[in-house]
Each structure stands twice: as C-alpha cells, then as structure tokens.
Q: 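Structure incoming, see below.
Keep in mind that what you see is a predicted model, and the values were worked out from it rather than measured. One-based numbering, in listed order, for ligands and for the atoms of each.
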Amino acid sequence: MTENESFFQIYRLSDRDFELISHLVYDTVGIYLPPEKKILVESRLQQLLKQENIQSFDELYQRIVRDPNSPLLSDLINRLTTNHTYFMRESAHYDYMVQVLFPQWKTMKQRDIRIWSAGCSSGEEIYTIAILIREHFSPFIPDEWGLLGTDISLRVLTQAEEGKYLADRLENLDPSLIQRYFIPIDDTSYQLLPEIRSMVLFKRFNLMNETYPFKGKFDIIWCRNVLIYFDQAHKDFIISHLVNVLKPGGYLFVGHSETIEREKYQLTFIQPAIYQKEAL
Ligand SMILES: C[S@@+](CC[C@H](N)C(=O)[O-])C[C@H]1O[C@@H](n2cnc3c(N)ncnc32)[C@H](O)[C@@H]1O
C-alpha cells in the first residue's frame, strides 16, 4: 500500500477476488459483471469494507460464503446494482397507458386491474403510474386494483416507502402534478402525499427466484432498464416467468434500449418497448 492509500485506506481488488465476487453476484441475483466492471466494483465496495471493518475483498467474500444469510450479501448487491430512475422516465409508456389502455379500462366495469413494476428501484415508476390513475379515475378507483413495486435491494425499497425525492427526480413531471401530489420538505426535496403512497405495495423480490408466487395475474408488467444487466440465459428465464404471470392480452413494457425476441415468448410487438401477450 502506498502512503496515500494507507491514509485514505483504499482496498485493492485482485483479479482473483473480482472473479469470486462476480460469480457470487451472478449466482445470487443473475447479474453478469464483465471484467471491464472491475474498477467499478472496487470503487463501489470501498465504503462497505470500511463500514464493516473488513480488511480485504477476500475477507468480504469468505464472510459471505460462510454465512449466506448475513446482511453483508444484501448490502453488497445494493451497492452493485444501478438504481437510477426518475418520475415520468421514458414517457411513451405512460402515454400508451393513458391514451390506449385507460379508455379500455373505463369501459370494462367490475374488472380488477393489476400492475407490477418489477425492478422498481426507489418507486418513481410505480408512483408515476399511481398518480396517473388518480388523475384519470378518481374518485372511482376500485378497491381491487393493485399496484405492486418489487426490487432486490432493501435500501431502495425503504426509500420508496418513504416517498421522499430530490427535486431533480421530479423534473419530467408536469408542475401541476407536483403541486397536487407532493409536499415540499425544503428547497431541494419533496414528499409524495400519503394518499398516493398507500396505493402501492412494495416487496423485496429477486427476479431470479425459481417461482413467481403472485396471487393474481397482471395487466401490465413494467420491467424497464432491468434486463439490461442480465445475460441471455437469465433474460430468457426472467421474461418467460414474467409472461407466465401476465393475463392473456396483458402487456410487458421494457426499457427503450432493451429488445426482446418476441417469438420465443408468445408476445406480439405493439411499438418499441411495448409487447402484448397473446389473448386466449
Ligand atoms: C435502473 S433501475 C430501474 C428502475 C425503473 N424500472 C426505471 O426504469 O427507471 C434497475 C433496478 O433493478 C433492480 N434489480 C437488479 N437485479 C435484480 C433482480 N435480480 N431482482 C430484482 N430486482 C433487480 C436493481 O436493484 C435496480 O433498482
């Protein structure tokens, strides 16, 4: 260690430790970390080692392997996943929902509508949906309608439940919506009103789980900017499980940079990043 490194306590990640850690992440959450990500892994995990008083990446790895239920594994995953998101991101999906699906839902009385944001991060995506539903259906939102947000990371789910956001996350929202649905906390942050927060259920869920144990099927699954982290085998696994829990005729929304081979999964291409499951 150089003098500078010992002063700032920089932990170096060897090629061998990178390989062990990237295998661990791949096996646990399915995320593939190619060799180019070594520097990123090294820098993102510095704080974890310091905080836990762990002396090396090897020690970190050994401690997780000895006790796979330790919070260290979840902390490591939290730090390696990219959680960036914001309200009204990739607005074409919201336009489609409002312009094409909302009018259909309005004419289908007595129907339960279920929407899942899979890989919801800190909640901006599913809360944008909740706000739009409130805008277009209030005061007649049936009790059976359900909005679900899931993520692998407990840290982002806690933020989602709190509903507190820095102003830059709200930049794409119409100012009138900000005024109606948020309370300013200070000059730089806002909190979403309890009436919108209570519309959404947040749960921890790993998309690599063998089973997807949901009670009912979904009308729309938003799985945007999540598949990008997985290799083809894991992508296949996740998409086929998502399609299984869609209602016939239900929609899968993916990120605009994510393409999927629709023939493999009984999906029809509707428009970029929007796919529909075949109706019965
Ligand atoms: C970039 S965010 C996407 C947020 C939002 N969907 C959007 O498009 O703005 C990706 C999220 O996927 C989550 N994620 C990554 N691997 C996962 C897994 N195996 N199971 C569940 N969530 C996962 C990450 O924790 C992260 O919060």
Q: Kindly tell me which protein residues have any non-hydrogen atom under 4.0 angstrom away from an atom of ligand 1, grouped by chain and ordered by number?
A: Val29, Ile31, Thr81, Thr82, Asn83, His84, Thr85, Arg89, Gly119, Ser121, Glu125, Asp151, Ile152, Phe205, Asn206, Leu207, Arg224, Asn225, Val226, Tyr229, Phe230
Q: So, Asp186 versus Thr188: side-chain donor-acceptor pair below 3.5 Å or not?
A: yes
Q: Indicate yes or no: at least one non-hydrogen side-chain atom of Glu258 is less than 4.5 angstrom from one of Lys235.
A: no
Q: Any chance CD of Gln232 has more than 12 other-residue heavy atoms, nucleotides or ligands included, within less than 6.0 Å?
A: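 Enclosed.
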Q: Are side-chain N/O atoms of Thr85 and Glu124 paired as donor and acceptor at under 3.5 Å?
A: no
Q: Report the C-alpha distance between Leu242 and Trp116 in whole Å, list the side-chain angles of each, state the deciding distance to 0.1 Å, and finish with yes or no for side chain to side chain contact (heavy atoms under 4.5 Å, CB included).
A: CA-CA 10 Å; Leu242 293 177; Trp116 176 21; 3.5 Å; yes
Q: Under 6.0 Å from the ring centre and within 45 degrees of the ring axis: does the NZ or CZ of Arg114 meet both conditions for the six-membered ring of Phe218?
A: yes
